2 protein chains.
Amino acid sequence: MEEHRHVTIYDIAEKLNLAASTISRALKDHHSISDKTIKKVKQTAKEMGFVPNTLAAGLRGNVTKTIGILIPTVTQPFLSSLISGIEIAAQKSDYSVIIMQSHDSYQMEVDLAKSLYSNRVSGVICSLAMETRDTSHFKQFSNNNIPLVFVDRVPKDYDTFRVVINNYLAGYKATKHLIEQGCKRIAHLTAVSEFGNLYNERKRGYIDALIEHDIPVQDNLIISLKEMTYEAGVKACNQLFDLKTAPDGLFAPGDILAVSAVQTAKKRGIKVPDQFAVIGFNNDPISEIIEPNISTITHPAEKMGKAAAELIIKNLKSVKEEDAKEITFLNTQVLIRESSRKI
Amino acid sequence: MEEHRHVTIYDIAEKLNLAASTISRALKDHHSISDKTIKKVKQTAKEMGFVPNTLAAGLRGNVTKTIGILIPTVTQPFLSSLISGIEIAAQKSDYSVIIMQSHDSYQMEVDLAKSLYSNRVSGVICSLAMETRDTSHFKQFSNNNIPLVFVDRVPKDYDTFRVVINNYLAGYKATKHLIEQGCKRIAHLTAVSEFGNLYNERKRGYIDALIEHDIPVQDNLIISLKEMTYEAGVKACNQLFDLKTAPDGLFAPGDILAVSAVQTAKKRGIKVPDQFAVIGFNNDPISEIIEPNISTITHPAEKMGKAAAELIIKNLKSVKEEDAKEITFLNTQVLIRESSRKI
DNA sequence: TCATATTAGACAACCGATTGTGTAAAGAAA
DNA sequence: TTTCTTTACACAATCGGTTGTCTAATATGA
């Protein structure tokens, strides 16, 4: 096998008897290079199979056109949709995307943040690890004018971009929907002690909706879970159904939990939605396929990714201090399906 | 806001009155540097918040410790699991992962391959786009000793690493299972004209299992789909159920199709599995949750990712020509659930 | 005609880590 | 004491694209 050397602008320069700087400028249509030369250079570059070395460009210009993504995992549907959105927006502006998974570990997140910085990414999009309480490892980005956008699971107190939905409002809307369907005893699952305020916000919305409709808030109808898994959902629902006065509705802050609720109800002979109406969150693919279909809150995951990426790309062009605290809210919608449609 | 400059080895050198080369060597425990100096350098580096610039290192050494992933989309469960596996293996060896989505477009794939090359990735893991027929855009990797691993959707004729399952055997096993459950008229869905041989292989396994058990292969029980979507599955199944002699079993080469089959059957009052047994493929999360649970072929997606990443990392250490055609087969298993369990 | 503007392109420094080569000093072996 | 080895570190080239500065030539305007 021949040992190919990467073709460089110097190779092109030599072949055409021009200076390397001229090649560099010609390739990006610099005004000081004649059309004739530009055409010739581009033609030769193509023939020789020239591919620019982004490392060299990045080193020199300190611009890598790379967006770093730091998220708990790529397998969660919401997050893979988020990636997809980021990726599409990035591709449009000729940015690359580099992805790292914290697996919800704080230490991993710290290490990976360093690795992203080491790679001199142009910007970072992050959804925090469950474990994360301290966010000082993100200072390296802020301190070096690397735009940082938090998405979905965002820190309370960090002064940077955020792209989120209004979780309070979404929780309120979901609960209100159940009330409108005639539910009187609405249960709620939530996450135990969370740093990001996402589940707390949903819970606040739930509570306010109840209060607003003169429905008492009952502690035994609110269950805090350590993990938002199918199994945890089944366990919690059984606990709910074992109550003397079992609930007739449930707002689950995730579709997997809603699925577990629907199936647990079915197993116990409880009719969904007539005896027990359920609404989930996220509009995961499964919510649409399971029977009965599950009502849910749509979460524009791809759009969020797109918005986050665009914030970074836009921000790189014109850094304005006053932008720094910008929060982008994206709309949620109640998607009514069979699991909660009683009327 | 202060304009921080990135801390470099030169900054450390200046502070300690040492040469930059000494700093560089000290940081990687080079034997020619005294322990005392090493300790001092590392200490100071930490204090000053030094983070190595991987661009500079990559440019100089032509090694980036980055694995490029080029796949149709990240949102498909199989592929996001694959990524997860790659990522875990990469992290272990201190590699970064850079992901690009072809969205099943050939042109995108060509462009993104170039972009990966431009980023001087150390290796590439690829699952081909549906559209791809020609694979010459991968030559740039092979020609430059950049290890290339195809996963799952692999080209027939490209001389490089592959990590795949034995699709023929999996198809055979799935079909045999249905036969053992007493099915006499087993239908099969497949993809229309595919470049990668994955669906064709599964079909071959299906056919051979039938032949081996003296069951006639009937063309009207084999339907080729353009897209492997839920809707396409529903349509195909309705077509099957409309036959004079409808099938009593189905081997679907994907779980989404299996789900659509089960639900279509239920809608038409056909009992699953008694009148119609179904087996899918991939063990997507949904197969476990839907009712009835769907029997499926487990596909070790994360393991495949891990294997692919390890091939690259290992190969980078010792490039041997004779390795070049290595094919890694990973095991599949028949996972029997309710949708096909008759006896 | 002279001064200014524009066009064309060369030269060289630069980004930051790496590494081959060189040198000086201290210790070990002869 | 001399030679060899080891230790400890400095110097400078290198990777490849970018960009400020400079020279020269042609074109435009006063």
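Source: prediction; values computed, not measured. In what follows, chains are A, B, ... by sequence order, proteins preceding strands, each numbered from 1.
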Quick one: is [N] close enough that its OP1 or OP2 comes under 4.0 Å of any side-chain N or O from [X]?
{"X": "Ser24(B)", "N": "dA17(C)", "value": "no"}
{"X": "Ser34(B)", "N": "dC9(D)", "value": "yes"}
{"X": "Thr22(A)", "N": "dA10(C)", "value": "yes"}
{"X": "Lys28(A)", "N": "dG17(D)", "value": "no"}

Next on the checklist: Under 4.0 Å, heavy atoms only, any strand: does Leu55(A) hit a base, just the sugar-phosphate, or nothing?
Outcome noted: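 It contacts nothing in the nucleic acid.
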Checklist entry - Would you say the side-chain atoms of Asn144(A) and Gln140(A) include a donor-acceptor pair closer than 3.5 Å? => result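 No, no side-chain donor-acceptor pair sits under 3.5 Å.
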Item to check | No-hydrogen, no-angle side-chain donor-acceptor test under 3.5 Å, Ser105(B) and His103(B) | outcome: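 Their side chains do not contain a donor-acceptor pair, so the 3.5 Å distance test is not met.
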Next on the checklist: Checking the side chain of Thr66(B) only, and the main-chain atoms of Ser122(B) only, is there a donor and an acceptor separated by less than 3.5 Å?
Outcome noted: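 Such a contact is absent between Thr66(B) side chain and Ser122(B) backbone.
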Side chains of residues 74-82 of chain A: which donor-acceptor partners sit under 3.5 Å, not counting sequence neighbours?
residue, atom, partner, partner atom, Å
Thr75(A), OG1, Thr73(A), OG1, 2.8
Ser80(A), OG, Pro77(A), O, 3.2
Ser81(A), OG, Pro77(A), O, 3.1

Item to check | Side chain of Tyr10(B) - closest among dG16(C), dT19(D), dC11(D) | outcome: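 So the side chain of Tyr10(B) is nearest to dG16(C).
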Checklist entry - Where the side chain of Ser21(A) is defined as all heavy atoms beyond and including C-beta, which of dC11(D), dC11(C), dG17(D) is the nearest nucleotide? => result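 So the side chain of Ser21(A) is nearest to dC11(C).
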Is [X] side chain donor-acceptor paired with the [N] base, going by distance under 3.5 Å alone?
{"X": "Arg60(A)", "N": "dG20(D)", "result": "no"}
{"X": "Thr37(B)", "N": "dC9(D)", "result": "no"}
{"X": "Thr8(B)", "N": "dC15(C)", "result": "no"}

